[in-house]
Amino acid sequence: TPETVSRVQELRNIIDEHNYRYYVLDDPQVPDAEYDRLFRELQDLEAKHPELVTDDSPTRRVGANAETSFEEVVHRVPMLSLDNAFNEDELRDFDRRVRDRLKTGDDIEYVCEPKLDGLAVSLHYEHGVLIRAATRGDGYAGEDITANIRTIPSVPLKLRGSDVPETVEVRGEVYMPKAGFEKLNQTLANKGDKTFVNPRNAAAGSLRQKKPSVTSRRPLEMCAYSVAVTDDSILPDTHWDCLQQVGQWGFRINPEMSKATGADECLAAYQAMMDKRGELPYEIDGIVFKVNSLALQQALGFVSRAPRWAIAHKFPAQEELTV
Ligand SMILES: NC(=O)n1nc(-c2ccco2)nc1N
C-alpha cells in the first residue's frame with residue numbers, strides 16, 4: 001500500500017541519518033534501543049514486502065549471498081602513491097620545488113592531514129548510490145571489493161543530501177582503530193587463530209575476505225581524503241572545501257586536519273601531529289601536506305608516480321621511538 005511504501009522510505013531516511021550521526025560524526029541522537037526498534041521495523045516491512053527492497057537500503061550492508069569477486073577495476077584517475085619526506089630539509093625542498101614550479105615567491109597554503117596507516121580505496125557513486133569500490137592495486141588498476149566495503153558502517157551506501165553529482169569518485173583510507181585491533185587479536189588468540197601484526201595488516205586481511213559476512217564482523221572504518229572524478233558538476237576550488245563537501249555527503253573526514261601556510265607552519269603542524277600520535281585512536285605513520293588550491297594542484301600535476309602537489313612527511317618508525 002502507499003502508506004507502506006512511504007513508511008519504508010521514511011524509515012530508510014531516518015536510519016541513514018542515525019547511521020551518519022553515530023558512525024561518521026560519533027554523535028548519536030537516539031539511544032541504541034530506539035535505533036534498533038526502527039531498524040527492526042524496516043526489516044519486518046522489507047520481509048513482508050520484498051519487492052520494496054533496494055540495494056541501498058541500510059538493511060543491505062551485508063549482501064545476502066554476495067561473495068567478493070576481486071575482479072580487476074581500472075581507475076579512471078590513477079591512485080598514485082605519495083612521495084616521502086623524512087626530515088625537515090626534505091620537507092623544505094618539497095615546498096621550494098612547489099614554489100619554483102609555480103614561479104611564485106608567495107608562501108603556499110597547504111592542507112595537513114594525518115597519514116592513516118590503512119588501505120587506500122576508491123569508491124564510485126552514480127546518482128548518489130555506491131556502485132563499486134576498489135583497492136589501490138598498482139595505482140592504475142585495483143581489485144573489486146564492493147561487497148566488503150559495503151559492510152563498513154562509516155561508508156555511505158547512498159550520498160547524503162539533495163545536490164549530489166551524477167558521478168563522483170571518493171577516495172580514502174580504510175583502517176582499523178587501535179582498540180578494535182587489540183580486541184580482534186584477543187578474539188583470534190582465544191580461538192587459537194593467528195593474530196595480526198598491526199592494524200594495517202588486520203584491515204588488509206579483513207578487506208581481503210571472500211565472505212562479506214566475515215568482513216562485517218571486523219571493526220573497520222573509513223576516512224575520506226580526496227574526490228577524484230566527478231561529472232561536470234561544480235566542485236569547490238580548494239581541497240579543504242572539497243573535503244567539507246565530502247563530509248556533507250556522509251563520509252567521515254579527519255577531525256585532526258588543519259591548514260598551514262609556508263614550510264615553517266608545515267613543520268609546526270608535523271611536530272604537533274607527532275606529539276599527539278600516541279593518543280589518537282588509530283595508527284598514523286606521518287602527515288600529508290597537500291597544496292590546497294585545486295588550480296595550483298592542476299598546474300603542478302604529477303610526476304610519473306606521485307603528485308607534485310603533495311608530500312607524505314613520515315614519522316620515525318614507532319619501534320625506534322619506544323626503544
Ligand atoms: N593515508 C592517508 O591518510 N592519506 N593518503 C592520502 C593521499 C594519497 C594520495 C593522495 O592523498 N591522503 C591521506 N590523508
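Ligands are counted one by one from 1 in listed order, and the atoms in each one are counted from 1 as well. Remember, it's a predicted structure, so these values are computed and weren't measured experimentally. The chain is numbered in sequence order, starting from 1.
- No donor-acceptor pair closer than 3.5 Å links the side chain of Ser57 to the backbone N or O of Val53.
- Side-chain N/O atoms of Glu221 and Tyr175 include a donor and acceptor closer than 3.5 Å.
- In this structure, Arg21 does not pair ionically with Glu17, as no charged nitrogen and carboxylate oxygen lie closer than 4.0 Å.
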Tabulated below should be the N or O atoms of ligand 1 paired with protein N or O atoms at under 3.5 Å; can you produce that?
from	atom 1	to	atom 2	distance (Å)
ligand 1	1 (N)	Leu116	O	3.2
ligand 1	1 (N)	Glu173	OE1	3.2
ligand 1	3 (O)	Pro114	O	3.3
ligand 1	3 (O)	Leu116	N	2.8
ligand 1	11 (O)	Lys290	NZ	3.1
ligand 1	12 (N)	Lys290	NZ	2.9
ligand 1	14 (N)	Glu113	OE1	2.7

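- The aromatic rings of Phe251 and Tyr125 stand perpendicular to each other, their planes meeting at an angle above 60°, with 30° marking the opposite boundary.
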For this session: For ring pair (Phe, Tyr, Trp, His ring centres under 6.0 Å), just list the numbers for Phe289 and Tyr270, CA-CA rounded to whole Å, side-chain angles, deciding distance to a tenth of an Å, and then say yes or no.
Result: CA-CA 9 Å; Phe289 296 113; Tyr270 171 82; 7.4 Å; no

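- Shown here for Ser122 and Arg171, the closest heavy-atom pair between the two residues is OG-NE, 3.1 Å.
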